[in-house]
Amino acid sequence: MSTHYVPIDPHQLHADWIGYDHRGFAPSPRQRLLMGAIRQALAERLFDSEAVKDRVAQLVGYARGSDTNVLNVHGGDFGMDVYYARRAREAESRNEAEAETASEMCLQAEESLGTLVFSDYKRTTGVKLLEPVDAWTWKFEGKRGSSRVAGTASVLQLKSAIDRAFQQGARKGPYAQFLASRDCTALLV
């Protein structure tokens, strides 16, 4: 893998990053280089877009004075490439967290999760998993008051809903207690 950034034709930039937020995205060596530099800049506690862009330029050996702005965007063409790399790194991080959470939760179809409070802060009782949409997302059903509800939630949303329900006094324990009560090895048989 190259350790030096080689810009591409700015007109190809958007097409080059298509699908960056999907789980199957396979970054090119140039994209992987940028994403690695983003990871390092964020690990150095840089957050501001300009500071991150400057640090990434430094890490990948890009001379900021040579930046073009064919796309007519704030930050120039290199800035747009860094923007996409940052979004791709965030998506990669989220996907890693979802995979880890899905593994530790070891959810099964027809499993009852009890009371959950999703991000709308409404209590959903009797939540039961119906079927997986994919390895990280589940269809579920439950009740809100006397109404039956159904929806789809990622494992990260389910994890947060368990903790939120505990914080509101609707569950006896937080997510950590939920995990401690599970025996995933029994489900592997």
Side-chain angles (χ1 to χ4, degrees), residues 17 19-27 31-32 34-49 51-52 55-56 82-189:
W17 285 100
Y20 72 86
D21 56 345
H22 291 50
R23 287 187 185 99
F25 179 66
Q31 292 167 327
R32 179 63 52 204
L34 284 172
M35 290 168 66
I38 289 287
R39 180 189 296 240
Q40 184 171 338
L42 296 175
E44 293 171 5
R45 300 222 175 274
L46 298 174
F47 181 77
D48 173 71
S49 295
V52 169
R55 182 63 177 134
V56 168
V82 170
Y83 167 83
Y84 277 123
R86 188 171 185 171
R87 298 286 95 57
R89 179 60 202 122
E90 289 167 353
E92 184 178 64
S93 180
R94 183 182 61 251
N95 292 340
E96 290 166 358
E98 284 182 337
E100 182 181 325
T101 302
S103 175
E104 71 186 13
M105 288 180 92
C106 59
L107 299 172
Q108 299 291 311
E110 303 299 316
E111 183 175 356
S112 179
L113 295 183
T115 300
L116 303 180
V117 178
F118 291 97
S119 60
D120 61 359
Y121 287 90
K122 293 183 179 177
R123 185 178 299 198
T124 307
T125 59
V127 174
K128 179 175 149 185
L129 298 176
L130 301 176
E131 63 182 351
V133 174
D134 57 35
W136 301 276
T137 311
W138 284 83
K139 289 183 180 179
F140 69 90
E141 67 180 8
K143 288 184 83 175
R144 287 193 171 175
S146 61
S147 301
R148 288 213 133 310
V149 295
T152 304
S154 74
V155 291
L156 290 177
Q157 290 170 319
L158 293 170
K159 176 181 178 179
S160 294
I162 290 169
D163 273 336
R164 206 174 289 113
F166 170 68
Q167 291 164 359
Q168 289 189 2
R171 289 184 76 94
K172 292 181 180 178
Y175 177 73
Q177 185 175 331
F178 169 80
L179 281 186
S181 69
R182 301 181 66 71
D183 181 10
C184 292
T185 56
L187 297 173
L188 298 176
V189 177

>> How close do Met35 and Ala85 get, counting heavy atoms only, and between which atoms?
In response: CG-O, 3.7 Å
>> Quick one, Leu107 with Phe140, criterion side chain to side chain contact (heavy atoms under 4.5 Å, CB included). Give me CA distance, side-chain angles, the key distance, then yes/no.
In response: CA-CA 12 Å; Leu107 299 172; Phe140 69 90; over 6 Å; no
>> Once rounded to the nearest 0.5 Å, what's the spacing between atom CZ of Arg55 and atom CD of Glu44?
In response: 4.0 Å
> So, does Arg182 use its side chain to make a donor-acceptor pair with the main chain of Cys106 at under 3.5 Å?
Replying inline: yes
> Can you name the residues that form a salt bridge (charged side-chain N to carboxylate O under 4.0 Å, His left out) with Lys139, not counting sequence neighbours?
Replying inline: Glu131
>> Taking salt bridge (Lys or Arg N to Asp or Glu O under 4.0 Å) as the cut-off, I'd like each qualifying pair that reaches into residues 98-108, sequence neighbours left out, listed once.
In response: Arg23-Glu98
> Closest heavy-atom contact between Tyr20 and Ala91?
Replying inline: O-CB, 3.9 Å
>> Are Tyr84 and Gln31 packed together at the side-chain level, in the sense that at least one heavy-atom pair is separated by less than 4.5 angstrom?
In response: no
> Looking at Ala135 and Ala102, what are the two nearest heavy atoms and their distance?
Replying inline: O-CB, 3.4 Å
>> With a 4.5 Å cut-off on side-chain heavy atoms, are Trp138 and Val127 touching?
In response: no
>> What's the separation between atom CD1 in Ile38 and atom OG in Ser93, rounded to the nearest 0.5 Å?
In response: 12.5 Å
In residues 146-155, what donor-acceptor pairs under 3.5 Å come from side-chain atoms, sequence neighbours left out?
residue	atom	partner	partner atom	Å
Arg148	NH1	Gly142	O	3.3
Ser154	OG	Leu156	N	3.4
Ser154	OG	Gln157	N	3.1

>> Going by the rule side-chain hydrogen bond (donor to acceptor under 3.5 Å, both in side chains), which residues pair with Tyr83 if we only count those two or more places apart in sequence or in a different chain?
In response: none
>> Quick check: do Thr115 and Lys172 have side-chain heavy atoms less than 4.5 Å from each other?
In response: no
> Rounded to the nearest 0.5 Å, how far does CZ of Arg87 lie from CH2 of Trp17?
Replying inline: 11.0 Å
> side-chain hydrogen bond (donor to acceptor under 3.5 Å, both in side chains) with Arg144: which residues, sequence neighbours excluded?
Replying inline: Asp120, Thr124
> Which distance, rounded to the nearest 0.5 Å, do you find between the CG of Leu116 and the CG of Leu158?
Replying inline: 6.5 Å
>> For Met105 versus Phe178, what's the shortest heavy-atom pair and its separation?
In response: CE-CE2, 3.9 Å
>> Can you tell me how far apart CZ (Phe25) and CG (Asn95) are? Round to the nearest 0.5 Å.
In response: 11.5 Å
>> With salt bridge (Lys or Arg N to Asp or Glu O under 4.0 Å) as the rule and sequence neighbours excluded, what pairs involving residues 155-164 come up?
In response: none
> Do Arg86 and Phe47 meet the cation-pi criteria used here (NZ or CZ under 6.0 Å from the six-membered ring centre, within 45° of the axis)?
Replying inline: yes
> Which atom pair, heavy atoms only, marks the closest approach of Leu46 to Ala51?
Replying inline: CD1-O, 4.0 Å
> Looking at CZ of Arg94 and CD of Glu92, how far apart are the two atoms once the value is rounded to the nearest 0.5 Å?
Replying inline: 11.0 Å
